[in-house]
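Notes for the one structure printed next.
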Amino acid sequence: MKKLLQLTLGIVTSIGGFLEVGSIASSSQAGASFAYQLIWPIVLGTIVLIFLVEMSGRLAAVSKLTVSGAMRDRFGFDYFVVPLATLSIVIYLVLAAEVGGAAFALQLVTGISYRWWAVPVALFAWFLLWKGPFALVERWVPLFGLVTLVFIVGAVKLGPDWSAVAHGLVPTRPSHDKAHYWFLVVNILGATIAPYLMYFYSSGAVEGKWDESYLNINRFIAVLGMSFGGLLAIAVLVSSAAVFYPAGVKLEGYDQIALMLTGALGSWGFYLFAASLFIGCLGAILEIALAVAYMTSQGLGWRWGQDEEPRQVPRFVLVYTALLALAPWLIVLGISPLAVTSLSMALTAATLPVAIIPFIVLMNDPVYAGKHTNGWIGNVVVVFTIVMACILAVVTIPLQLLGGG
Amino acid sequence: MRCARHRGVGWSGVVIALVALAVSGCSRSPRDQAKKALESLHSWAVSTHMVGERWMEGDVPDAYASKALQSFGKKVRKERGKIASGKLPNDMKQFLAAGFDSTARSADSLLSIIDKREKSATADILKQLAAQARAADSVKERLGAE
Amino acid sequence: MHIVRDLLDKQLIDVNWQHMGRIDGLTMDVPPGEQPRITTLCVGGTVLTRRLPGFVGRWASALVERYGVRRGVPFRIPWSKVMRVDRVIRVDVNSDESGAMASSHWVRDHIIDRIPGA
Amino acid sequence: MPGEPIPVEHLLSRKVLDPSGKSAGRIEEVRATPSEDALLVYQYDLGPAALLERLAVGLRAFSLLRKLGVGPEHRGRCVPWDKMDLSDPHQPRITCAREELHPIED
């Protein structure tokens, strides 16, 4: 019975926790500029995410090690420091984007500028981590995240041309705005394949004392949770394509994106959009702050654990406190949250190989994965996608900065 | 066997070639610039129209509507500024300048209407914005046909 | 026993099963003409920073030496104290009293305890 | 100066030269037998020196590539402790010719 509860909670939390500022922004921009043509990167990104989440859960269940703990063991410090450093820099930008998203959601509802909300949001997130147990971050916030189901309702109500949606599943070349098209592909892949999810998921599995009997649960959570989450991102794209594409609106700010569901669902559409943006971002802020704290502590051998008293795990707590203290300032300076989001997602895509290739090598090493090493499909799909994402990102980022977005 | 520590793998050459190819492929001809500016004018006119319409129907709170219109106004004026520096023919520059100005004016008047809460006056401003968007579209069609 | 595969960078657990850092380094005595002997395990930021290549390493070690809680002196564990070598290494040391957790205790006393509601 | 304790982690990835100055490989592993109060080092394993060769060895970790037999079977060499001169830890040398070292049987 306990396992069934863990299974349902696992699936529910991955659905609730899937949509955050990156997927909302990239999916809505993709829908507005290219209608249904960009559904395929969401599908590809979700498939890779399913493999990665399943692998990190399997690693935790088989070896009782978290991803970064195993990476430090296997590759040694002077290799481990490379993913640690690059990820910390990129993830700081992602965190700033999430704070920007949550702050903007509050501006939508209150009219007070997002720049004033950035610090309170970071403080609130820090307070939840400081006082709240791990279950709060892993269970309760994503449960509220189910409000993001409003995008499914909106997409269905807007009644898109479903055959065109199906065509979007197949990768096609853009007819216009080539650079912007490929930049959005990079954005979507960077938003969907979020490395911090692996560190967070595997730490939760180790803290939840998973063992080999959990392998099936792990597979179900990864497949059902992530694919339903991917469906949510597609729903955002479909709603945006139905509303903004025919109207010829180019999305340059969250205040435009906020109008997406108002046509179909009236004021409910507006307020539920704001709630989805806020809760999605809050969930991501908590997960990112914890993921970096896990990665640093496990990599350097410190005591760690969100269920521990802060005094017992001082350096673990110091990491997420320092990160949240630094997070809001880019937004307070008034840099547009959407611009920070696009750049952080593109940089995530560019650094995917550094974060994921060592993990793939780990999952093929019987010392760590036991007799559950990777199948060749998993290896090929993941490595192909992240190398493609990296090359695309390196090509499109300069273009996007040159082209002025 | 501990995995061999290999960094700086040699395919950076491949990446540099890709960047060079991509950058050369998208130089901005005046026609492209005009097309982009017209699309942007259309987008801002429609966005302003959307905010006004949703506010009139009570789907969005006043606080959001005024905040959004203020930010649209700022961005439209910024685009207006960029027109002067662009390499565009004069008649196109005039059309765009007029278009951006009228959109900005519509946004400002919508703002004052929201402050005074007289929803009845929004209808004709929305008509102006819709007309502006259509005008931008027709110029783009004619441009495309040349 | 493979030193790099089985010891280096592995997680250290103390007498009461508490994490106390990782084996960041090992010291080897090489008496001329005799078999080299690895006698101590080293834990600490300075050992790690010295392993970083080039100017990053030098810059980071200087930083740790000046501001480090132990002023750059690593915590040393004699090989005789090692009780078990497994996926983690258990040592006969009580981490809280032994000074191994110096920087952790410093963070706790100077930062965490200062935050209200600790 | 000789007799100074050497940090083992600094020896890793150091290129080892044989008396004729040719590279015999990089130190990848140190083997020792545990005793009461120390670990007695009896052998050093040298891994591939050239970057490309190291990359190929690294890629062999992928189960797919191993099945296809891509990349060299690991041909590292091992150096008994008495044949390794560590008087200058920054430049380890072996006292016998490179060819005399026999491959690692793992």
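Just so you know, these numbers come straight off a predicted model, no measurement behind them. By convention in this document, chain letters (A, B, ...) are assigned in the order of the sequence lines, proteins followed by strands, and residues within each chain are numbered from 1.
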Q: Count the heavy-atom pairs under 4.5 Å between each of Ala45(B), Ser47(B), Ala68(B) and chain A, then report the option with the highest count.
A: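 Of the candidates given, the most pairs with chain A belong to Ser47(B).
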Any side-chain heavy atom of [X] sitting closer than 4.5 Å to one from [Y]?
{"X": "Val243(A)", "Y": "Met50(B)", "answer": "yes"}
{"X": "Ser43(B)", "Y": "Phe244(A)", "answer": "no"}
{"X": "Trp44(B)", "Y": "Gln256(A)", "answer": "yes"}

Q.
Let's test your reading of the structure: which of Ala274(A), Gly253(A), Gly266(A) forms the most heavy-atom pairs below 4.5 Å with chain B?
A.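 The answer is Gly266(A).
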Q.
Please rank Gly269(A), Pro358(A), Gly263(A) by heavy-atom pairs under 4.5 Å with chain B and give me the top one.
A.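 Heavy-atom pair counts peak at Gly263(A).
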Q: Could you grab the distance from atom NZ of Lys75(B) to atom OG of Ser336(A), nearest 0.5 Å is fine?
A: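 The OG atom of Ser336(A) is 6.5 Å from NZ of Lys75(B), to the nearest 0.5 Å.
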Q. What are the two closest heavy atoms between Lys67(B) and Ile112(A), and how far apart are they?
A.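 So the minimum-distance heavy-atom pair works out to CE-C, 4.5 Å.
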Q: Select one option (side chain, backbone, both, neither) describing which atoms of Glu252(A) are under 4.5 Å from chain B's heavy atoms.
A: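 Both backbone and side chain of Glu252(A) come within 4.5 Å of chain B.
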**Q.** Residue Thr396(A) versus chain B: region with a heavy atom under 4.5 Å
**A.**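 Neither part; nothing is under 4.5 Å.
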Q) Can any side-chain N or O of Tyr64(B) pair as donor or acceptor with the backbone N or O of Asp255(A) at less than 3.5 Å? A)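 Indeed, once roles are kept as given, a pair shorter than 3.5 Å links the two residues.
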(Q) Do Asp59(B) and Ser267(A) pair up side chain to side chain, a donor and an acceptor below 3.5 Å, judged on atom types alone? (A)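 No, no side-chain donor-acceptor contact under 3.5 Å.
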**Q.** Greater than 12 external heavy atoms within 6.0 Å of Lys74(B)'s NZ
**A.**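 Counting neighbours around NZ of Lys74(B), 12 or fewer heavy atoms of other residues, nucleotides or ligands fall under 6.0 Å, so no.
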Q.
Between the side chains of Asp177(A) and Lys35(B), is the shortest nitrogen-to-carboxylate-oxygen separation below 4.0 Å, so that they form an ion pair?
A.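 No.
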